[in-house]
2 protein chains.
Amino acid sequence: MSNRVSESEQIVMEVLWQESPLSSQEVVERLAAQDWNEKTVKTFLNRMVKKGVIGYETQGRKYLYSPNIKREDFIEEESNGFLDKVFKGNVKELLATFVQNKQLSKQELNYLKELLDKEQN
Amino acid sequence: MSNRVSESEQIVMEVLWQESPLSSQEVVERLAAQDWNEKTVKTFLNRMVKKGVIGYETQGRKYLYSPNIKREDFIEEESNGFLDKVFKGNVKELLATFVQNKQLSKQELNYLKELLDKEQN
DNA sequence: TTTTAAAGATTACACCTGTAATCATTAAAA
DNA sequence: TTTTAATGATTACAGGTGTAATCTTTAAAA
């Protein structure tokens, strides 16, 4: 079933998460800015269909592609994987690392404090 | 120079970060619990030396291996990569995701609030 | 109607990874 | 001293990944 999405494949997914369905041509256009060759994009679309992470409907002789995975679900899986792999599952440590290593604006800090308060229940 | 550390290589790194220098035999012992074959461990040590992510001193005819990368540095790089890849650099979103998806204890929530207060300066 | 061009399918290919097995050297055991 | 066993080096090999080029079919253009 739903196979792994590689790093580059994720870039294609992002395009489709932003808008779908899209023809291969449209995906190619949106990725041209990031220097993706047309052939490469087509290869990826093919592979990703085989993997089952995207699907398509036909429109004449072209395909219109859409994600088969919800972005939130993907993010959640990636996040859990990362948490386990790098922080051995210790969320506190993860959060502390990001809070300390990144400059956060007052707004962001306040927003996060509110979030923590909401969690308090 | 300092090449990429793969997912499995990271497991070997963790062993050496925990204690080093270690002979290959010692690394093998510590990974046996996780079902790593001795040959596999040796292969990894070799590759990682070639990549430059670990080094060794000789002791008689054996090698004593040590990390060439600090764990904190590694964690920071991985964290930044993950942040960019999955959250497009948006720390706030990342933090919100983890805060909301993970059950945090009162203690953890308080600890984090303190952290945010400290950052307030 | 013949030529061309676009779409998707197939093939290519090198490098990385995970997972070992085999080889060569040499210290230790018999 | 000959055999054995441990150590690191080399070789193997399939599957994944990034990056395309070529092939086939068919709609559109000339």
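Chain letters run A, B, ... following the sequence lines, proteins first, then strands; residues in each count from 1. These values consider heavy atoms only, across backbone and side chains, with no hydrogens, waters or symmetry-generated copies.
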What's the spacing between A/Glu14 CD and A/Gln34 CD if we round to 0.5 Å?
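Rounded to the nearest 0.5 Å, the CD-CD separation comes out at 10.0 Å.
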
Hey, what bend do you get for the helix from C/dT1-D/dA30 to C/dA30-D/dT1 if you fit axes on five pairs at each end, rounded to 10°?
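Answer for the end axes of this duplex: 30°.
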
So, does [X] use its side chain to make a donor-acceptor pair with the main chain of [Y] at under 3.5 Å?
X       : Y       : value
B/Asn68 : B/Val53 : no
B/Glu38 : B/Val28 : no
B/Thr40 : B/Trp36 : no

Touch check for B/Tyr63, heavy atoms < 4.0 angstrom, all strands: base, sugar-phosphate only, or nothing?
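If one applies the 4.0 Å heavy-atom cut-off, B/Tyr63 turns out to touch the sugar-phosphate alone, with no base involved.
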
Short N/O separations, protein against nucleotides 1-6 of chain C, under 3.5 angstrom:
{"unit_1": "C/dA6", "atom_1": "N3", "unit_2": "A/Arg61", "atom_2": "NH2", "d": "2.6"}

Any non-hydrogen side-chain atom of B/Phe98 less than 4.5 Å from a side-chain atom of A/Ser79?
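In contact.
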
Measure the shortest side-chain to side-chain distance between A/Ser24 and A/Tyr65 over non-hydrogen atoms and say whether it is less than 4.5 angstrom.
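Heavy-atom side-chain distance check passes, below 4.5 Å.
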
Rounded distance (Å) that lies between atom [atom2] of [N] and atom [atom1] of [X]:
X       : N      : atom1 : atom2 : result
A/Glu7  : D/dG18 : CD    : C1'   : 11 Å
A/Met48 : C/dG8  : CE    : C1'   : 16 Å
B/Gln10 : C/dC16 : CD    : P     : 19 Å
B/Gln59 : D/dG8  : CD    : P     : 10 Å
B/Phe44 : C/dT19 : CZ    : P     : 7 Å
B/Glu9  : C/dT17 : CD    : C1'   : 8 Å
A/Lys50 : C/dT11 : NZ    : P     : 9 Å
A/Glu38 : D/dG18 : CD    : P     : 19 Å

I want to check one thing: is the phosphate of [N], taken as OP1 and OP2, less than 4.0 Å away from some side-chain N or O of [X]?
X       : N      : result
B/Ser23 : D/dT7  : no
B/Asn46 : D/dG8  : no
B/Ser8  : C/dG18 : yes

Sequence neighbours excluded, which residues qualify as salt bridge (charged side-chain N to carboxylate O under 4.0 Å, His left out) partners of [X]?
X        : result
A/Glu77  : none
A/Glu108 : none
B/Glu76  : none

Are side-chain N/O atoms of B/Asn80 and A/Lys102 paired as donor and acceptor at under 3.5 Å?
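Their side chains do contain a donor-acceptor pair, which is all the 3.5 Å distance test asks for.
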
So, for B/Lys92 and A/Leu112, which heavy atoms are closest and what is the spacing to 0.1 Å?
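Minimum heavy-atom contact is O-CD2, 4.5 Å.
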
Ignoring hydrogens, what is the shortest heavy-atom contact between B/Ile69 and B/Trp17? Give both atom names and the distance.
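Closest approach of B/Ile69 to B/Trp17: O-NE1, 2.8 Å.
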
I'd like a table of atom pairs between the protein and nucleotides 20-24 of chain C - only N or O on both sides, under 3.5 Å - with the distance next to each one.
{"unit_1": "C/dA20", "atom_1": "OP2", "unit_2": "B/Thr40", "atom_2": "OG1", "d": "3.3"}
{"unit_1": "C/dA20", "atom_1": "N7", "unit_2": "B/Thr43", "atom_2": "OG1", "d": "2.9"}
{"unit_1": "C/dA20", "atom_1": "N6", "unit_2": "B/Thr43", "atom_2": "OG1", "d": "2.8"}
{"unit_1": "C/dT22", "atom_1": "O4", "unit_2": "B/Lys39", "atom_2": "NZ", "d": "3.1"}

If you check every side-chain atom of A/Arg4, which of C/dT17, C/dA7, D/dT17 has the closest atom?
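It is D/dT17.
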
